[in-house]
Trainee: 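This is the structure, below, for whatever I ask next.
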Amino acid sequence: MKRLDSRLFLSPPHMGGTEKEYVAQAFASNYIAPLGPMTVEFEKRLCDYSGMPYCGVFASGTAAIHLALMCLDVQPGDRVICPSFTFCGTVNPVIYCGAVPVFVDSEKESWNMDPDLLEEAIVNETAANHRIAAVIAVHMYGMPYQVDRINTVARKYDIPVIEDAAEALGSSYQGCKAGSLGDYGIYSFNGNKIITSSGGGALLTKSADDAKRAVFLSTQARDPKPYYEHSVIGYNYRMSNIVAAVGCGQMDVLEERVRRRRQINQIYRRFLEPVEGIVFQNESFPGVYSNYWLTTVLLDQNIFPEPEIIRQKFEEYNIETRALWKPLHLQPVFRKMGCRVYGGKVCEELFTDGLCLPSGTAIDDQLLGDVADLLISCKKG
Ligand SMILES: *Cc1c(COP(=O)(O)O)cnc(C)c1O
């Protein structure tokens, strides 16, 4: 294989074609910003898609998580239980609230938060007299967590669940869409996600009041007065009409994108599953349907070199690959804060052995085969 002339990214934006028309409509209406008909339309389509009754669209998925925490009135010193194996965007909003994240290890099967360890964390933190304000559960790389078990544990202790479906738009659990499986659902439309609005996020909720509150807080918390009056601190988090127009266009191709991500995963499996020392993230539990946002593999280091060596090898061919998430309990910033972790070994191993493969939906099948061959060629000896 030759070095590629144009870089093969892990998960670049993939426009469907209608985005430009929606943006042109937004221009024609002169609703460039802030809000406008596209914002309303995007929210409606996300409600229709997810099955959640209320939705607000915002500047990012991270902002949407922050707003969910504020709807729950998370206070300084509160505990919020999160997986350690996730992107920092899941957890940073906990810090914005002055609350304390408590990390929970992954289960081996799905790589998502371990329900038994979640319960252990709740029992322990409660015994230490901490108020647990929320659980944030994440569908990692699009793979649904064990929704029934996580919800059962959370309900047993009367703790609300924020479902971080940033990576899981199009995934489902027992026929229900990711984003509708917790008390609050979160999507991200960042550039590398399954669809992108060029950047943005959504908060889905079952409560009209919460949706209103989130929008209120995201627009500088202006009290209903003819002049600017503020009784609480707000944020400038709302999504603009132009950004929402791109999002509407991407909704037109969402199902197609999910189908292709799953197909990409299948093609990689065909090449790589027979190879000794390669293990995929699997739909291990009944009812679980992943959008396979990224195809990810674990590499046995008796057979393959460490993932960083492989990443560098792919770089020589102008192909982007990436390590799996570095666990948050190992991140300098959270170590400094002395955050607790329950378990930790499973996600540490995922980080040590894992690699994300190029999974963008515009990639052609030939190139997928080349990537697979290149990975196989990295085998030791
Ligand atoms: C991308 C992502 C976020 C944050 O979304 P942004 O839109 O980038 O702020 C949060 N959680 C997870 C798991 C993500 O992958």
Side-chain angles (χ1 to χ4, degrees), residues 9-13 42 46 55-70 80-97 101 103-104 106 110-113 134-145 147 150 161-171 178-179 181-182 184-204 214 218 235-240 243-244 246-247 250 257 261 281 290-296 322-329 331 333-334 347 350-351 354 356 359-360:
F9 288 101
L10 207 58
S11 180
F42 194 22
L46 290 167
C55 174
V57 287
F58 303 105
S60 66
T62 309
I65 294 173
H66 189 196
L67 290 163
L69 292 169
M70 287 190 286
V80 176
I81 304 186
C82 313
S84 181
F85 188 62
T86 184
F87 176 56
C88 68
T90 304
V91 171
N92 284 345
V94 174
I95 308 294
Y96 306 162
C97 294
F103 297 121
V104 168
S106 303
S110 73
W111 310 0
N112 291 315
M113 185 152 68
V135 170
I136 307 179
V138 186
H139 308 294
M140 210 22 75
Y141 304 114
M143 181 64 66
Y145 54 83
V147 175
I150 297 283
V161 176
I162 299 172
E163 181 198 1
D164 180 347
E167 301 174 1
L169 180 55
S171 301
L181 303 167
Y184 300 86
I186 301 296
Y187 294 138
S188 167
F189 311 109
N190 189 39
N192 63 357
K193 296 297 188 334
I194 190 152
I195 59 168
T196 181
S197 61
S198 78
L203 170 64
L204 300 127
S218 77
Y235 297 81
N236 188 357
Y237 275 173
R238 198 67 162 119
M239 180 183 282
S240 86
V243 170
V246 179
Q250 288 269 276
R257 296 290 180 265
R261 294 264 177 179
Q281 185 191 28
S290 175
N291 67 1
Y292 282 117
W293 167 55
L294 294 183
T295 287
T296 53
R322 195 176 296 158
L324 302 193
W325 302 120
K326 178 171 178 173
L328 295 182
H329 73 271
Q331 298 287 354
V333 64
F334 294 114
C347 63
L350 293 172
F351 174 59
C356 304
S359 306

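Just so it is clear, the structure is predicted and the values come from calculations on it, not from any experiment. For reference, positions follow the sequence shown, starting with 1. In each ligand, atom 1 is the first atom listed, and ligand 1 is the first ligand listed.
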Trainee: Specify the closest pair of heavy atoms between Gly142 and Ser171, including all atoms of both residues, with the distance to one decimal.
Mentor: O-OG, 2.7 Å
Trainee: Please work out, at 4.0 Å between heavy atoms, whether the side chain, the backbone, both, or neither of Ala166 comes within that distance of ligand 1.
Mentor: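 The answer is the side chain.
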Trainee: For the 3.5 Å polar cut-off, considering only N or O atoms, please tell me whether Gly61 and ligand 1 meet it.
Mentor: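 N/O-N/O distance under 3.5 Å: yes.
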Trainee: Examine ligand 1 and decide if any of its atoms is less than 4.0 Å from a heavy atom belonging to His139.
Mentor: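 Checking ligand 1 against His139, which is what was asked, there is no heavy-atom contact under 4.0 Å.
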Trainee: Please determine if Thr86 has a nitrogen or oxygen closer than 3.5 Å to a nitrogen or oxygen of ligand 1.
Mentor: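 There is no such contact.
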Trainee: Determine yes or no for a side-chain-to-main-chain donor-acceptor pair under 3.5 angstrom, with Asn291 supplying the side chain and Leu169 the backbone.
Mentor: yes
Trainee: Looking at Val138, which atoms of ligand 1 are within less than 4.0 Å of one of its heavy atoms?
Mentor: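 Once the distances to Val138 are compared, the set is 13 (C).
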Trainee: At a 4.0 Å threshold, what atoms of ligand 1 neighbour a non-hydrogen atom of Ser188?
Mentor: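 So the answer, numbered in order with elements, is 1 (C), 5 (O), 6 (P), 7 (O), 8 (O).
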Trainee: Can an N or O of Glu167 be found at a distance shorter than 3.5 Å from an N or O of ligand 1?
Mentor: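 Looking only at distances, the answer is yes, because the N/O contact criterion of under 3.5 Å is met.
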Trainee: Determine whether Cys356 and Leu324 make a side-chain contact, defined as any pair of heavy atoms from C-beta on separated by less than 4.5 Å.
Mentor: yes
Trainee: Could you tell me if any non-hydrogen atom of Ala63 lies under 4.0 Å from any atom of ligand 1?
Mentor: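 Not so, Ala63 does not reach ligand 1.
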Trainee: List every atom of ligand 1 that sits less than 4.0 Å from any heavy atom of Gly200, numbering the atoms from 1 in the order shown and giving each element.
Mentor: 7 (O)
Trainee: Could you tell me if the ring centre of Phe85 sits under 6.0 Å from that of Phe351?
Mentor: no
Trainee: Which residue is it: Leu203, Ile186, Asn92, Val91? I am looking for the one with a side-chain contact (heavy atoms from CB on, under 4.5 Å) to Ile65.
Mentor: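 That would be Ile186; it is the only one of Leu203, Ile186, Asn92, Val91 passing the side-chain contact (heavy atoms from CB on, under 4.5 Å) with Ile65.
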Trainee: Considering only the protein, which heavy-atom contact is closest to atom 4 (C) of ligand 1, and what is its distance?
Mentor: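 The closest heavy atom on the protein side is Thr62 OG1, 3.5 Å.
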Trainee: Taking the side chain as every heavy atom from C-beta outward, state whether Trp325 and Tyr141 have any atom pair closer than 4.5 Å.
Mentor: yes
Trainee: Name the closest protein heavy atom to atom 1 (C) of ligand 1, giving the residue it belongs to and the distance to 0.1 Å.
Mentor: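 Of every protein heavy atom, Lys193 NZ, 1.6 Å lies nearest to atom 1 (C) of ligand 1.
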Trainee: What residue and heavy atom of the protein are closest to atom 11 (N) of ligand 1, and at what distance?
Mentor: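 Sorting protein heavy atoms by distance from atom 11 (N) of ligand 1 puts Asp164 OD2, 2.7 Å first.
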Trainee: Is there side-chain contact between His139 and Val147, with heavy atoms separated by less than 4.5 Å?
Mentor: yes
Trainee: Take His66 and Phe58 through the ring pair (Phe, Tyr, Trp, His ring centres under 6.0 Å) test and state the conclusion after the steps.
Mentor: CA-CA 11 Å; His66 189 196; Phe58 303 105; over 10 Å; no
